[in-house]
Amino acid sequence: MVSKKSDETYCGKRLMADFYEQDVLTVAPSLLGKILVVKQPSGDVLRYKITETEAYRGHEDRACHASKGKTRRTEVMFRRGGYVYVYFVYGMYWMLNVVTGPENEPQAALIRGIEGYEGPGRLTRVLGIDGTFYGEDLTSSKRIWIEDNGYKASFITSPRIGINYAGQPWVDMPWRFILTA
DNA sequence: TCATTGATTTCA
DNA sequence: GAAATCAATGAT
């Protein structure tokens with residue numbers, strides 16, 4: 001056993017590229033129960049269990065920002081899974097997404113809730129996540145990553161929130177995943 | 001239910 | 001340039 005302790009994580013397994021490169025409809029529900037780890041500028045390390053996610057899937061999904069093509073804002077979604085996609089909405093809130101799937105397959109899982117802080121805008125505020133996290137690599141970043149603690153999650157699904165503009169059939173796709181136990 | 005808030009996108 | 005849009009929250 002290695003007892004060396006540094007700022008690297010050693011308790012729990014950091015999720016690597018092979019996890020994120022799966023389809024978003026596999027990754028999004030799999031993220032439930034995983035531990036989101038964010039290191040603060042102060043040096044504190046915050047750990048929260050992920051409780052709610054949503055899947056945004058590729059150019060066909062009209063609710064996905066990348067469905068209209070690659071722009072500076074959505075560019076990171078076209079990379080391989082494992083990068084962080086952060087964007088700003090309603091003039092106040094940062095949204096935290098995890099890019100999934102292979103390269104040139106724009107997909108992302110929106111982290112909608114963590115234990116104790118339900119709501120995508122609330123969790124980023126608590127964790128101190130802002131635009132500087134755009135493009136961070138979850139497989140190598142020193143300040144944000146996700147760990148697997150072996151927890152087996154059960155969950156329910158429902159339609160996604162706040163995407164009525166996307167129209168059918170996307171409005172009713174049950175691509176929101178909520179941890180139940 | 002409505003005010004807040006500003007980057008992105010769309011229309012000229 | 002200007003106007004409309006928006007994966008939200010919290011106060012009323």
Side-chain angles (χ1 to χ4, degrees), chain A residues 15 19-34 36 38 40 46 48-101 104-138 144-146 153 155-180:
Chain A
L15 293 170
F19 174 83
Y20 298 112
E21 285 172 2
Q22 300 172 93
D23 190 279
V24 67
L25 294 180
T26 300
V27 175
S30 297
L31 284 172
L32 296 173
K34 298 290 191 291
L36 176 62
V38 181
Q40 303 299 108
L46 301 180
Y48 288 100
K49 181 159 52 173
I50 296 171
T51 59
E52 185 177 334
T53 62
E54 274 181 12
Y56 288 87
R57 192 163 186 264
H59 57 277
E60 287 186 353
D61 181 1
R62 300 287 298 283
C64 179
H65 287 164
S67 66
K68 292 175 184 169
K70 189 190 287 190
T71 66
R72 190 167 72 239
R73 184 198 197 192
T74 61
E75 174 273 327
V76 73
M77 270 198 278
F78 290 81
R79 299 188 208 167
R80 65 144 172 79
Y83 287 94
V84 174
Y85 171 41
V86 177
Y87 66 89
F88 198 62
V89 283
Y90 300 126
M92 288 182 227
Y93 301 109
W94 293 99
M95 298 288 124
L96 174 63
N97 301 56
V98 175
V99 177
T100 69
N104 289 321
E105 184 75 25
Q107 302 182 344
L110 170 67
I111 310 298
R112 288 192 57 88
I114 57 176
E115 198 164 46
Y117 296 98
E118 293 295 328
R122 299 185 68 202
L123 71 90
T124 51
R125 197 169 59 194
V126 167
L127 297 174
I129 290 169
D130 59 22
T132 67
F133 282 78
Y134 182 96
E136 285 278 325
D137 186 346
L138 290 167
I144 181 168
W145 64 90
I146 300 173
F155 60 90
I156 59 172
T157 63
S158 89
R160 293 173 292 178
I161 300 299
I163 57 154
N164 289 340
Y165 66 92
Q168 299 291 355
W170 311 109
V171 170
D172 293 329
M173 288 292 182
W175 288 354
R176 181 186 182 204
F177 307 96
I178 305 166
L179 189 68
T180 53

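Just so it is clear: chains get the letters A, B, ... in the order the sequence lines come, proteins before strands, and each one is counted from 1.
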ask   = Dot-bracket, DNA chain C: Watson-Crick or G-U, under 3.5 angstrom, [ ] crossing, | other strand?
value = ||||||.||||.

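- A donor and an acceptor atom, one from each side chain of A/Q107 and A/T100, are located under 3.5 Å apart.
- Looking at residues two or more places apart in sequence or on another chain, you find a side chain to side chain contact (heavy atoms under 4.5 Å, CB included) between A/E136 and A/V84, A/F133, A/S141, A/R143, A/I144.
- Every residue meeting the side chain to side chain contact (heavy atoms under 4.5 Å, CB included) condition with A/R62, not counting sequence neighbours, appears here in chain and number order: A/A166, A/W170.
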What protein N or O atoms touch nucleotides 8-11 of chain C N or O atoms at under 3.5 angstrom, if any, and at what distances?
residue: C/dA8; atom: OP1; partner: A/R112; partner atom: NH1; Å: 3.2
residue: C/dT9; atom: OP1; partner: A/P120; partner atom: N; Å: 2.9
residue: C/dT9; atom: OP1; partner: A/G121; partner atom: N; Å: 3.1
residue: C/dT9; atom: O4'; partner: A/Y93; partner atom: OH; Å: 2.9
residue: C/dG10; atom: OP1; partner: A/R125; partner atom: NH2; Å: 2.8

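- Taking the six-membered ring for Trp, A/Y87 and A/Y85 have ring centres closer than 6.0 Å.
- Proximity of A/L32 to A/T180: side-chain heavy atoms (C-beta onward) are nowhere separated by under 4.5 Å.
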Output one line per pair: protein atom, nucleotide atom from nucleotides 7-12 of chain B, and distance, for all N/O pairs under 3.5 Å.
residue: B/dT9; atom: OP1; partner: A/T71; partner atom: OG1; Å: 3.4

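- Taken from CD in A/E52 to CD1 in A/I156, the straight-line distance is 9.0 Å, to the nearest 0.5 Å.
- For A/R122, the side chain to side chain contact (heavy atoms under 4.5 Å, CB included) partners two or more places apart in sequence, or in a different chain, are A/Y117.
- At least one donor-acceptor pair closer than 3.5 Å links the side chain of A/T71 to the backbone N or O of A/T74.
- For the pair A/E54 and A/R160, the salt-bridge criterion is not met [side-chain N within less than 4.0 Å of a carboxylate O].
- For the 3.5 Å distance criterion, the side chains of A/E60 and A/S67 fail to qualify, holding no donor opposite an acceptor.
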